[in-house]
Amino acid sequence: MTSAQSIAKIFETMNYGPAPESPATAQAWLYAHAPRLSLFIGNEWRDPSGGEYFPSVNPANAQPLIEVAQATAEDVDAAVRAARAAFPAWSATPGHVRARYLYALARQIQKHSRLLAVLETMDNGKPIRETRDIDIPLVARHFYHHAGWAQLMASEMPDMRAVGVVGQIIPWNFPLLMLAWKIAPALAAGNTVVLKPAEFTSITAIAFAEIVQRVGLPPGVVNIITGDGRTGDTLVRHPDVDKIAFTGSTEVGRIIRRAAAGSGKRLSLELGGKSPFVVFDDADLDSVVEGVVDAIWFNQGQVCCAGSRLLAQETVAPALLDKLRARMEKLRVGDPLDKAVDIGAIIAPVQLEKIQQLVQQGVDEGARMWQPSWACPTDGYFFPPTLFTEVSPAATIAQVEIFGPVLVSMTFRTPAEAVALANNTAYGLAASVWSENVNLALDVARKIKAGTIWVNCTNVFDAASGFGGYRESGYGREGGREGLWEYMRPAWEHSGAAEADAQAVESRRTNGTGKGKKKKAAEAALELAPNGHGANGHAAPDAITGWPALDRTPKLFIGGKQARPDSGYSRPVLDAHGDYLGEVGEGNRKDIRNAVEAAHAASGWADATGHLRAQILYYLAENLSTRAEEFSQRIASMTGCAQAEAAREMEASIERLFTYGAWADKYDGAIHATPLRGVTLATHEPIGVLGLICPDERPLLGFVSLVAPAIAMGNTVIAIPSERHPLSATDFYSVLETSDVPAGVVNIVTGPCRTLAKVLAEHDDVDAIWSFGSAEGARIVEAASTGNMKRTWTDYGHPRDWLDATQGEGREFLREATQVKNTWVPTGE
Ligand code: NAI
Ligand code: MG
């Protein structure tokens, strides 16, 4: 045996001795605060008004650490009021001053990093190695980075303002890091916050509140209220909160979407995932194995973006799984304060049971389970690293977020199969792709529907890069410039109390579409009337000949063809005086379904070059302009506006098409300046199929203003034109037909706007929905969009001057028409 061999042998057989981190300082902190923690409201410490407390437990030994306050509705209200009172001064505080505060927070976190790391490990059960080397450094980094945004906001985003009072609800898996992700951007942009940590892990949030106090943030800028889901629910429903930011389960995200629907609150949701970890046959398998360890055994697998589905190319799968089992055998589960421990404790018995149940279900459904030979400690909530093979793609364990140290593996043959498997869940948070072939890796990265793609790496995060989901993993980004938008609104929009204003706007609207019985009767009457002319009047005779007008009833426009409405009904369109102007088809559920199908079939539009999309948008403008007079005439007759006004709308519509023709190849992404050696590529991807509910104001321009940015960015759309003035949109069919717009890219369904909006919002194959011109429409759309957690953009009927370029076009529209994907590509060895 050579000496190198014998040393290797010694390493093989050597056991790790315990290397415990001292809990003394953290214990002293807990002792000083015992027996209970208070609420932090307006920089003061308060007992919960209901006098209720609950214990926070150390999951590694099941021992209670301290009592945490259960905030009541009264406490939530006090916190929101404190935040509201602080908002005017804080949002007007110069960026440089806000930057100094954020910088001070970052410094304080660094100075107390070990205390925070140990407290976090004791409260959460995650290994000290992770809290010390990952969680807390990233927390500090987040505050530093956002100190910079506070400094730069006035010069970089001069037309944006703070949203207002933000309610933030976070989970237990990264307690302080999620707090930082929420609070840093909110404060940088000038918002004030009420944050609720998760009930299992409130301790470091209270320690952070002490830092807030020490730094001397003005009272009310940051309020921390502890409590369970009841407290969270009260915060979500509080009428004076302008925005809710949530991270947690898709289930609770759905409840929050529903609770906030119709309130006018903005919402960002970072939800669950079932992220694929894709290994091609040319990948470096040893690196892959370490990657898998970081993907699914980091934080006990309690990570929203955990690489929980291992998809390996068939040819390398057996070798990879052998290596993986050997590595798993060497993982160490145990006391998280031990610096040599790889996997700590599961957060709570309820979570442990959930993992056990899902694992049992996996076995019952026929998958093969493998666990290392050693046993876990039994004095806390531990679960061993677990590998499933022979898993069918439809199995429960392949679809459901287990949120534990459980990996399910499947195999594929071709890259196309890998992509199909990767996208075969409702989620879209993250993915890892492993291959030495850069063409293949980047091509697959582009095709996977997820907000973050790691090439030959995994679970890498940084404040300079956005993080967030596609599809049912939620919407909104955290981190980087793209995350900051979540906490800003255009300066021209008025803030606060959105609802009251919107209702005033709504009641001013004269569009009194009858509901229920009344409408049915009108439909019936129309059906009986000859030539489809309604009881309201007759088509005007031809102006020159005086002969009866030719009947010209526009149909729907679906899949590039004019289609008769499924209902067989038409509805009258009246002019400004209530006289009969024409008719349009009465679209229904079936028509919407057909339109969605057509829009899906046209998804190749996403791959068209920006240059091609630009050409088509310019061509639309050209063809519209040749019919300017006719279109102006139509606007004037529908709305009763002056000819000159109609002509102005017409001209603006042509210009708007030019604007988005211009943008089609210019809305670039970015290369983020993260610490990664390599590149972090932020690309703007289309969202998919968009439902567009167009406003009554400016029937042509409003329609063009929504359709053009959506298609310029590669989406396909189903537009519901103004219910009152639909003829500009139906006239537009022929412009579409003559402008080389591929079939299915733009679909138009006329009819009862709100009914159709609801159908669109409920349709699981619609990825996002915009609703303009009506508060009721906004409410309907938000409430109905919880099924697939589609992104919504609603204006609650707030007036918007569509002619004004700062309000009617530009980056706000482009952002709403895209989602950011961050692809991390390390370079070098
Ligand atoms: P959760 O989603 O219930 O908790 C997240 C936060 O929401 C906590 O602060 C909680 O108090 C709050 N909350 C609960 N109900 C609420 C309501 N009705 N309104 C407002 N806020 C409410 O997550 P939980 O119960 O801790 O874990 C359940 C499952 O969720 C886990 O097994 C895991 O699968 C998943 N999960 C996913 C996370 C992710 O980041 N993707 C994070 C945490 C949990
Ligand atoms: Mg705890």
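Just so you know, ligand 1 is whichever comes first in the structure, and atom 1 is the first atom listed for that ligand. It should be emphasised that the depicted structure is a prediction, and the values quoted were computed from it without experimental measurement.
Where the criterion is an N or O separation shorter than 3.5 Å, residue side chain and backbone included, Leu271 meets it with respect to ligand 1.
Here Asp228 has backbone heavy atoms under 4.0 Å from ligand 1, and that is the only part of it that gets that close. In Lys354, the part holding a heavy atom less than 4.0 Å from any atom of ligand 1 is the side chain.
Counted by atom type alone, Ser473 and Glu270 present zero donor-acceptor pairs between their side chains at under 3.5 Å. Side-chain atoms of Glu67 and His33 form no donor-acceptor pair, as typed in the model, at a separation below 3.5 Å.
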Go through the steps to decide whether Leu195 and Ile183 satisfy the test side chain to side chain contact (heavy atoms under 4.5 Å, CB included), and finish with yes or no. CA-CA 8 Å; Leu195 177 131; Ile183 290 185; 4.0 Å; yes
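The pair Arg84-Asp242 meets the salt-bridge criterion, since a charged nitrogen lies less than 4.0 angstrom from a carboxylate oxygen. The pair Arg477-Glu486 does not meet the salt-bridge criterion, since no charged nitrogen lies less than 4.0 angstrom from a carboxylate oxygen. Comment: Glu685 engages Lys821 in a salt bridge, judged by a side-chain N to carboxylate O separation of less than 4.0 angstrom.
Those atoms of ligand 1 with a heavy atom of Glu401 less than 4.0 angstrom away are 34 (O), 35 (C), 37 (C), 41 (N). The distance from ligand 1 to the heavy atoms of Ile169 drops below 4.0 Å at these ligand atoms: 6 (C), 7 (O), 9 (O), 12 (C), 20 (C), 21 (N). The ligand atoms of ligand 1 that sit less than 4.0 angstrom from a heavy atom of Gly272 are 41 (N). Short contacts between ligand 1 and Pro171, defined as distances under 4.0 Å to a heavy atom of the residue, involve ligand atoms 42 (C), 43 (C). Under a 4.0 Å criterion applied to the non-hydrogen atoms of Gly248, ligand 1 contributes the atoms 2 (O), 37 (C), 38 (C), 39 (C), 41 (N), 42 (C).
Proximity of the aromatic rings of Phe54 and Phe200 is defined here by a centroid distance below 6.0 angstrom, and this criterion is not met. No close placement of the Trp370 and Phe388 rings is indicated, their centers lying 6.0 Å or farther apart. For Trp181 and Phe467, the ring centers are positioned less than 6.0 Å apart. Between Phe383 and Trp297, the ring centre distance reaches or exceeds 6.0 Å.
Ranking protein heavy atoms by distance to atom 21 (N) of ligand 1, first place goes to Gly232 CA, 3.6 Å. Residue, atom and distance of the protein heavy atom nearest to atom 30 (O) of ligand 1 are Ser249 CB, 2.9 Å. Protein heavy atom nearest atom 9 (O) of ligand 1, with residue, atom name and distance: Ile170 O, 2.8 Å. Protein heavy atom at the shortest distance from atom 44 (C) of ligand 1 is Phe403 CE2, 3.7 Å. The nearest protein atom to atom 3 (O) of ligand 1, hydrogens excluded, is given as Val252 CG2, 3.3 Å; this is a heavy-atom distance. Looking from atom 41 (N) of ligand 1 to the surrounding protein, the closest heavy atom is Cys304 CB, 3.0 Å. Nearest protein neighbour of atom 11 (O) of ligand 1, counting heavy atoms only, is Glu199 OE1, 2.7 Å. With respect to atom 24 (P) of ligand 1, the closest heavy atom belonging to the protein is Trp172 NE1, 3.6 Å.
For Pro197, the heavy-atom gap to ligand 1 drops under 4.0 angstrom.
For Glu251, the CD atom counts as loosely surrounded, since its 6.0 Å shell holds 12 or fewer non-hydrogen atoms of other residues, nucleotides or ligands.
Within a 4.0 Å radius of atom 1 (P) of ligand 1, the protein has at least one heavy atom.
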